[in-house]
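All remarks here apply to the structure that follows.
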Amino acid sequence: MSNLNKKKESNCESCEFYDYDEYLDAYVCEMRLDEDEMARFLSGRTSSCPYYRFYDEYKSVHKQI
């Protein structure tokens, strides 16, 4: 299966844009969405997040090896 046929993931907990906000005392998506994108997201009309990027905390270590 090629990468073009794969669905993008949408598991927020493993996304690099999903972070803890101390002011709100909650985890939030830090990706800045425009009004249309936010409306689609909140209505549940999106099957997967187009901005999902897997968070790899060891990314810099992999480059050193």
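These numbers were taken from a predicted model, which means no experiment stands behind them.
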Indicate if Leu33 and Phe17 have the same hydrophobic cluster label, given that clusters are the connected sets of ILVMFWY residues with side-chain heavy-atom separations under 4.5 angstrom. yes
Roughly how far, to the nearest 0.5 Å, is OH of Tyr51 from SG of Cys29? 10.0 Å
Separation between CG (Asp34) and CZ (Arg32), nearest 0.5 Å, reads 13.0 Å
For Phe54 and Glu16: C-alpha separation, side-chain torsions, deciding distance, then whether side-chain contact (heavy atoms from CB on, under 4.5 Å) applies. CA-CA 6 Å; Phe54 178 72; Glu16 91 175 52; over 6 Å; no
Distance, nearest 0.5 Å, that separates CD of Glu37 from SG of Cys49: 9.0 Å
Measure the CE-CG distance between Met31 and Asp19 for me, rounded to the nearest 0.5 Å. 13.0 Å
Only counting residues at least two apart or in another chain, list the ones meeting ring pair (Phe, Tyr, Trp, His ring centres under 6.0 Å) with Tyr23. none
Got a second to check how far Tyr27's OH is from Asp21's CG, nearest 0.5 Å? 11.0 Å
What pair of heavy atoms forms the shortest contact from Tyr55 to Cys15, and how long is it? CB-C, 3.9 Å
